[in-house]
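Following: one structure in structure tokens, then a few remarks.
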Amino acid sequence: MSPEVSDIMRAFEEARDQGLAAVKEATDGHSLEAARIRILGRKAPLSKARAGLGSVPREHVKTLGMLANEVQTEIEQAFAKKARAFGRAERTKRWERERVDVTLPGDVPPAGALHPLTKTIWEIVDIFIGLGYQLAEGPEVELSTLNFDALNQPFEHPSRSTRETYYVAGRDDVVLRPHTSPVQIRAMEAQEPPIYVLAPGRCYRRDELDPTHLNQFAQIEGLAVDDGITMADLKGTLEVFARELFGRDLDVRLRPHFFPFTEPSAELDVECFVCRGSGCRVCKQEGWIEVLGCGMVDPAVLEWVGYDSERYTGFAFGMGVERVAALAHGVPDIRYFYENDLRFLSYFQGAE
Ligand code: PHE
């Protein structure tokens with residue numbers, strides 16, 4: 001073996017050792033790739049050893065060439081194998097880092113909800129829509145004519161005084177409506193019978209604030225005018241309403257009362273949902289809870305809007321939304337509805 005041949009063989013062996021050592025030393029994908037470029041690059045020992053092949057006697061070229069390829073392949077495979085191992089390890093590490101436990105409960109973002117009074121209005125509206133009623137509206141700033149005169153309110157009635165009703169400054173003919181009843185007038189002025197309307201809206205009264213009084217509150221007015229409407233229709237309608245809202249098995253009663261715009265007039269009581277009639281704190285030992293005012297529309301009101309009171313009859317009712325909501329949910333003070341305490345409001349969340 002000529003000295004050149006053994007030198008070249010040694011050079012290949014050294015290149016192999018160096019290459020395999022570099023693979024072994026690499027600690028991650030980056031250092032491995034850097035080593036690969038260095039070991040298999042043009043100035044690396046392997047390339048230099050290959051360059052020596054040119055000056056080798058012919059009979060040795062084949063053997064040395066095979067050795068060169070063998071060393072090259074061995075080094076390349078060692079790099080590829082280690083690269084795969086690093087890849088696997090890095091993937092595993094990343095999966096570990098990015099692991100998500102899908103069984104953990106998520107963060108529940110605070111969700112908004114309808115105000116309990118809005119819910120109550122919608123519930124009541126739904127009941128009457130189901131009975132064939134349509135919605136009606138009127139302004140909160142109302143003509144005193146529609147609020148009092150059209151509703152047969154005697155001129156000397158105390159509710160006309162500025163001690164009970166808010167008047168627009170400097171005017172004696174415009175009020176903040178103290179009830180939704182003027183919407184009855186507006187509905188009748190806008191159309192001929194048959195009329196079946198429900199009118200929710202805000203009202204204002206000069207009242208002392210206490211657990212059952214606010215000076216701004218919501219009412220829902222109902223009006224039905226048609227051929228042959230009787231007190232029995234009023235009672236039947238209100239029974240359906242009260243049972244839907246307060247519970248199917250609660251008794252209701254009409255108790256005689258007085259309103260200038262209805263004749264006869266009554267108040268609707270519902271059997272106390274707490275004590276069922278035996279008397280308790282909620283019903284003030286009455287066994288019954290007053291829910292709304294109602295009655296047969298006074299012929300004078302029908303005549304005021306130009307209806308033929310010989311032909312048509314009707315009934316009307318009006319209820320305080322805060323009061324009804326308080327009764328339905330056992331709330332002891334209607335002022336809670338306007339304090340916007342989230343602990344109170346969230347009690348109604350989801351309670352449809
Ligand atoms: N408007 C009356 C009130 O506010 C309620 C009512 C409405 C009574 C319709 C009879 C008919 O007290």
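First listed ligand is number 1; within each ligand, the first listed atom is number 1. Here the structure is a predicted model, which means the values were calculated and not measured.
Summarising the contacts of atom 6 (C) of ligand 1 with G293, A316, C203, the nearest heavy atom is found in G293.
When hydrogens are left out, the protein atom nearest atom 12 (O) of ligand 1 is F259 CE2, 3.8 Å; that is the closest non-hydrogen contact. Ranking the protein heavy atoms by distance from atom 7 (C) of ligand 1 puts G318 N, 3.3 Å first.
In this structure, F315 falls outside the shell of residues with a heavy atom less than 4.0 angstrom from ligand 1.
Those atoms of ligand 1 with a heavy atom of R205 less than 4.0 angstrom away are 3 (C), 4 (O). Short contacts between ligand 1 and Q219, defined as distances under 4.0 Å to a heavy atom of the residue, involve ligand atoms 3 (C), 4 (O). Shown in contact with F261 at under 4.0 Å from a heavy atom are these atoms of ligand 1, numbered in order with element: 1 (N), 2 (C), 6 (C), 7 (C), 8 (C), 9 (C), 10 (C), 11 (C). Within the listing of ligand 1, atoms 9 (C) sit less than 4.0 angstrom from a heavy atom of Q184. Contact atoms of ligand 1 toward H179: 1 (N), 4 (O) (distance under 4.0 Å to a heavy atom of the residue). Within ligand 1, the atoms closer than 4.0 Å to a non-hydrogen atom of S181 are 1 (N), 7 (C), numbered from 1 in the order shown.
Heavy atoms of C294 found under 4.0 angstrom from ligand 1 belong exclusively to the backbone. Counting heavy atoms closer than 4.0 Å to ligand 1, residue F317 contributes backbone atoms (N, CA, C, O) but none from C-beta onward.
The closest side-chain donor-acceptor pair between Q18 and E14, if any, does not fall under 3.5 angstrom. Side-chain contact check for N147 and S144: no donor-acceptor pair (N or O, by modelled atom type) lies under 3.5 Å. Side-chain contact of E140 with Y204: a donor-acceptor pair under 3.5 Å is present, judged by distance alone. Side-chain contact check for D173 and Y167: no donor-acceptor pair (N or O, by modelled atom type) lies under 3.5 Å.
Hydrophobic clustering of Ile, Leu, Val, Met, Phe, Trp and Tyr side chains at less than 4.5 Å, counting indirect connections, keeps V321 apart from L209.
At a threshold of 4.5 Å between non-hydrogen side-chain atoms, the residues M231 and L234 count as touching.
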side-chain contact (heavy atoms from CB on, under 4.5 Å), that's the test. Do Y166 and N215 meet it? Break it down for me.
CA-CA 10 Å; Y166 292 109; N215 42 31; 3.5 Å; yes

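Aromatic ring pairs are classed by plane angle as parallel below 30°, tilted from 30° to 60° and perpendicular above 60°; the pair F261 and H179 is perpendicular.
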